[in-house]
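Report on the structure given below.
Residues: numbered from 1 along the sequence shown.
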Amino acid sequence: MFNSLSDRLTATFKNLRGKGRLTEADIDATVREIRRALLDADVAVPVVRAFTAAVKERALGLEVSQALNPGQQVVKIVNEELVGILGGETRRLRLAKNPPTVIMLAGLQGAGKTTLAGKLSKWLKGQGHSPLLVACDLQRPNAVRQLQVNGERAGVPVYAPHPGVSSEFEAATGDPVAVARQGVAEARARLHDVVIVDTAGRLGVDAELMQQAADIRAAISPDEVLFVIDAMIGQDAVNTALAFNEGVDFTGVVLTKLDGDARGGAALSVASVTGKPVMFASTGEGLNDFELFHPDRMASRILDMGDILTLIEQAEQSWDKDEAARMAKKFADQEDFTLDDFLAQMQQIRNMGSMKKMLMMMPGAANMREQLENFDEREIDRVEAIVRSMTPHERLAPKIINGSRRARIARGSGVHVSEVNGLLERFGQAQKMMRKMASGGGIPGMPGMAGPGGFGGPRKKAAAAKGKKKPRSGNPAKAAQELQEAEARRAAARTAAPTGAAFGGQQDFDPSAMNLPKGFDKFLGK
């Protein structure tokens, strides 16, 4: 969603690289470009004014003029100010001291409240809670049925005493306030610790909508009122948020459809204008495309700095601990990496979700956005098909796969022989890297890791060079003299070296002088 804004800001900061000192004209030009980028991204004008004023004031201060790298210091300032307008810090759900915790969802029709209810319930269930969904949207056609389907997919029960309407020509007959009140009572009776109340929306803000939402709030006294807003609606998001804040007094914001291609400036405006934090973000159609909103991580994504922490959290949630332990043991035992292991690792990566989304969280992903956009998610399926078309023996010993076997594997997996060849070549490289790491050599070419090309390689070479004997002279008489001198130095070192404790103890050590416990002398080899 923030691709356009990210590209504009990244291009602006490129002009600052390599400058040892920034003039006031440089800062004015940078702030001007930032202002244009934010306005083009549909960020509210008051937010843009406050943001650029804060950036300019800090950029003209001592923290930039005295910095060793002024360009990076400006980027740091912009990052911190972005975090500020996004809410400052992560805001988590406030759970009731006496369960159940009641969460009410409010917003316009089409913002994605019902889908979000299913996502939120599954996320809470994964956190160890036992949520209950309550269907209070009785006027949108099939809204109750949609919530029931989402509840089934999430494995969460749904309280829906009234079926609602099935077409736009039917008049709503149920009482959503009574359903909400009964739903909370049902949750208390069934010992659910969280209740999620899905309310009705309208195509626009009107008095009837606000009155109904206010009545439901008064009836159930929710612990959290989440305003669900479509991040793609543009400047009108601010007016809608202000209207709901006045009518319902929500406690937090949920942004939906962050995977869209709109400019997304509304998302940057709501928290700053309303003073209410963004708490969650919906990033796709699936029930798992839902995450806690971290202002600092979102600012890093916008500035193309990546979001490694979210990537790690996703890996921890989806990674199979038993499989990881098995691979660790295999690694420690220096067993060979096989195609079965390769297939298992590919399946682990698939469980983490979309490869494209994960790669976009890497720092510098904007530089390869075009390649990522063209990335085919089905590539993993093709790799799996190729490996599964091999016999168990071929997976253990891929060197036996000759031309006829490759042709058979290609026919079995529905791919061309060249794709089989490419996979085997990549696997061979991965296998070599695994062998190198298992033997303690580290990752070849990886800075900070032992191995050729890394920091470990030069260290080992230096240590080897240090202990290597100096070549003797080509003159026989001089070579013999050097040999005698080296032997004399070694003899002198043996005489001078202490044979006792390493910290200056006596050479003739008597354990009985230390008054050790009875039987302890066996540990000293006595």
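- Shown here for T115 and Q146, the closest heavy-atom pair between the two residues is OG1-NE2, 3.4 Å.
- Separating the NZ atom in K119 from the CG atom in L124 is a distance of 14.0 Å, to the nearest 0.5 Å.
- Checked by atom type and distance alone, the side chain of R395 pairs as donor or acceptor with a backbone atom of V387 at under 3.5 Å.
- When all heavy atoms of L82 and A299 are compared, the closest pair comes out as CB-CB, 3.9 Å.
- A pairwise comparison of heavy atoms in G201 and L209 identifies CA-CD1, 3.9 Å as the closest pair.
- Judged purely by distance below 3.5 Å, without hydrogens or angles, the side chains of K125 and S130 never pair a donor atom with an acceptor atom.
- Of the candidates H192, R190, R188, R188 is the only one forming a side-chain contact (heavy atoms from CB on, under 4.5 Å) with P100.
- Atom CG of L116 sits about 9.0 Å away from atom OG of S121, to the nearest 0.5 Å.
- Nearest heavy-atom pair, A180 versus V197, reported as atom, atom and distance to 0.1 Å: CB-CG1, 4.2 Å.
- Note that CG of L423 is 9.0 Å distant from CD1 of I409, once rounded to the nearest 0.5 Å.
- The two atoms that bring E33 and R36 nearest to each other are OE2-NH1, 3.1 Å, heavy atoms only.
- Closest approach of A160 to Q148, counting heavy atoms only: CB-NE2, 3.6 Å.
- Separation of atoms CD (Q429) and CZ (R426) is listed at 9.0 Å; rounding is to 0.5 Å.
- H162 and T173 share a donor-acceptor pair across their side chains, judged by distance under 3.5 Å alone.
- Screening D137, I196, T114 for a side-chain contact (heavy atoms from CB on, under 4.5 Å) involving L105 leaves a single residue, I196.
- With M279 as reference, L93 is the one residue of V253, L93, T90, L292 to meet the side-chain contact (heavy atoms from CB on, under 4.5 Å) rule.
- Around atom CD of E152, more than 12 heavy atoms belonging to other residues, nucleotides or ligands sit under 6.0 Å away.
- The closest donor-acceptor contact from the side chain of S269 to the backbone of A44 lies under 3.5 Å.
- In this pair, F290 and W123 present their aromatic rings perpendicular. The plane angle is above 60°, beyond the 30 to 60° band.
- The cationic atom of K276 (NZ for Lys, CZ for Arg) lies less than 6.0 Å from the six-membered ring centre of F250 and within 45° of the ring axis.
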